[in-house]
Amino acid sequence: MEKIGMLSPIVEMDGDEMTRILWKMIKEELILPFVDLKTEYYDLGLRNRDDTEDRVTTEAAEAIKKWKVGVKCATITPNAQRMEEYKLRKMWKSPNGTIRSVLDGTVFRAPITVSCIKPYVRTWEKPITVARHAFGDIYRAAERVIDRPGRAELLFTAEDGSVFRETIHDFTGPGVLQGMFNRDSSIRSFARACFGYAVSCRQDLWFSAKDTIIKQYDGRFRDIFAEVYETEYKEEFQRLGLKYLYTLIDDAVARVIRSSGGFIWACKNYDGDVMSDMISTAFGSLALMTSVLMSPDGCFEYEAAHGTVTRHYYRYLQGEKPSSNPVAMIFAWSGALRKRGELDGTSELAAFADRLERACIDTIESGTVTGDLLPLCDIPAVAVSSEDYLKAVRARLG
């Protein structure tokens, strides 16, 4: 069979542990037999990030700006234990955070629904998409452990030399300190992306923050969203019968649980991180969720929303064949291939992406699943290894 051609490459970012193993298997089993794959490859595995002093992450992000489409495997964000395990020079920042900062986009995450797995929340009838701001906040924060008494201050020195200074806390002993920031331009891009996505999907938009407590910081988000809505999107929302709602994050959680789904929930960076995990788990599994970063200048980065599946990786190293769920990773590849096809006008590539996703869903709905999905299925099913699941998907592709 003649392979489907590509006009431009996809920026491919390899990752860590079990997901790195699955990444290779997915390419070999489901993509390379059908597509004359063109990628610009970057190894974002933790050892290579350490060897390059994390330059490789920034280089990959810049490549996405050039080629407009990227696909990323899950990566380790090191903590103290990983520092020791991998003998790192430095506790490198989150690769996702770095890429999101360079692209200054919004992450949209939505569950992959299959007919044989019902949501834990019985009222949910339609998927809920989480729109996550992808810049700043704790992901670009400065932090420090305080080991002695002293005064912590919020200090801003303007270009004209004027100074703003406010006491944060007078430490009488050890503690910890953090400072974070955001930019109006990034918040405005986030708002526009959310409203624009809502219009394209014909779905209501909810935005949640905590302006009652973080009055100026979260209040700035609230005000910019309101401004963008009133000046740019209100008429179109009204014409389409769509609603925009701002509410506190705790109220939003209650509303989401009571809802029937079918809307977009916009959250600040960390809120979106947590709530997308809640949504995906409640719909079935972290491995059944799509994730795409969209930048204001038309760049797209697709990834799986879950981590590197460390526990399965150690079992794999002992010679076992783990039953890790590769669906979100497959959908990251299919999303990137579809977008590449759309941007380049290669309809065959986009059509293949559709076939690949349908084959994944049909395999699950026929009762061939990975171990995480077996207790969730309401049809007779059998749990197989990751490798055998990929082979079952391949059989459906032909």
Side-chain angles (χ1 to χ4, degrees), residues 1 3-4 12-35 37 39 45 71-76 111-118 280-281 283-291 302-338 351-398:
M1 184 178 70
K3 292 185 180 183
I4 299 167
E12 176 188 355
M13 294 158 282
D14 214 340
D16 288 300
E17 297 186 325
M18 196 64 216
T19 48
R20 187 182 182 98
I21 305 299
L22 293 172
W23 194 258
K24 184 172 184 290
M25 293 168 62
I26 290 167
K27 286 174 62 179
E28 292 178 349
E29 192 73 53
L30 302 181
I31 299 174
L32 293 175
F34 305 97
V35 178
L37 187 63
T39 70
V71 61
K72 180 182 173 295
C73 183
T75 48
I76 294 169
I112 301 164
T113 57
V114 292
S115 62
C116 58
I117 298 176
K118 300 297 187 291
S280 63
T281 302
F283 268 97
S285 170
L286 276 172
L288 290 180
M289 176 165 263
T290 62
S291 181
Y302 296 82
E303 61 178 348
H306 58 71
T308 59
V309 203
T310 306
R311 180 169 53 90
H312 286 195
Y313 178 61
Y314 292 145
R315 288 169 52 191
Y316 173 83
L317 293 179
Q318 294 171 357
E320 296 185 34
K321 289 187 175 181
S323 187
S324 312
N325 189 332
V327 172
M329 300 175 64
I330 297 171
F331 271 62
W333 272 105
S334 63
L337 290 169
R338 181 184 296 106
F352 171 75
D354 294 340
R355 285 176 49 216
L356 178 56
E357 291 179 0
R358 188 68 254 169
C360 289
I361 292 172
D362 286 348
T363 300
I364 295 171
E365 292 180 341
S366 72
T368 301
V369 300
T370 46
D372 61 318
L373 301 185
L374 186 62
L376 308 177
C377 283
D378 58 9
I379 61 171
V382 59
V384 298
S385 67
S386 309
E387 183 177 351
D388 287 342
Y389 175 80
L390 293 175
K391 288 179 178 177
V393 175
R394 167 69 183 275
R396 290 180 179 274
L397 285 173

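Everything numeric in this text was worked out from a predicted model, so none of it was measured.
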Give every residue pair that meets the salt bridge (charged side-chain N to carboxylate O under 4.0 Å, His left out) criterion with at least one member in residues 302-313, sequence neighbours excluded. Arg100-Glu303, Arg109-Glu303
Within a strict 4.5 Å, meaning less than it, do heavy atoms of the Tyr389 and Ile364 side chains meet? yes
When rounded to the nearest 0.5 Å, the distance separating CD1 of Ile21 from OG of Ser386 is 11.0 Å
Between Asp16 and Thr308, is there a donor-acceptor pair closer than 3.5 Å when you use the side chain of the first and the backbone of the second? no
Heavy atoms of Ser324 and Met18 approach each other most closely as OG-CG, 3.6 Å
Run the numbers on Trp333 and Val35 for side-chain contact (heavy atoms from CB on, under 4.5 Å), then give the verdict. CA-CA 12 Å; Trp333 272 105; Val35 178; over 6 Å; no
For Ser285, check side chain to side chain contact (heavy atoms under 4.5 Å, CB included) against everything at least two apart and list the hits. Ala287, Leu288, Asn325, Asp372, Leu373
For residues Trp23 and Glu12, determine if any side-chain heavy atom of one lies less than 4.5 Å from a side-chain heavy atom of the other. yes
Looking only at atom types and distance, does a side-chain atom of Arg355 sit under 3.5 Å from a main-chain N or O of Leu397, one as donor and one as acceptor? yes
Taking Lys27 for its side chain and Leu32 for its backbone only, find out whether a donor-acceptor pair lies under 3.5 Å. no
If I take atom CE from residue Met329 and atom OG from residue Ser334, how far apart are they, to the nearest 0.5 angstrom? 12.0 Å
What pair of heavy atoms forms the shortest contact from Tyr314 to Glu17, and how long is it? OH-OE2, 4.1 Å
If you look at every heavy atom in Pro111 and Phe283, which pair is closest and at what distance? CG-CD1, 3.6 Å
Distance in Å, Asp378 CG paired with Ser115 OG, rounded so as to fall on 0.5 Å steps: 7.5 Å
With no hydrogens and no angle check, is any side-chain donor or acceptor of Ser291 less than 3.5 Å from a backbone partner on Ala305? no
In Å and rounded to the nearest 0.5 Å, what is the CZ to OH distance from Arg20 to Tyr313? 8.5 Å
Minimum side-chain heavy-atom gap Glu387-Leu390 below 4.5 Å: no
Leu22 side, atom CG; Tyr316 side, atom OH - distance, nearest 0.5 Å: 9.0 Å
Locate the shortest heavy-atom distance separating Ser323 from Thr370; write the atom from each residue and the value. OG-CA, 3.3 Å
Quick check: closest heavy atoms across Ala304 and Ala328, and the distance to 0.1 Å? CB-CB, 3.8 Å
State the OH-CZ distance between Tyr302 and Phe331, to the nearest 0.5 angstrom. 13.0 Å
Contact between His306 and Ser280 at the side-chain level, heavy atoms closer than 4.5 Å - yes or no? no
When you measure from the side chain of Arg394 to the backbone N and O of Glu29, does any donor-acceptor pair fall under 3.5 Å? yes
Considering all heavy atoms, the nearest Ala392-Thr363 contact: CB-CG2, 3.8 Å
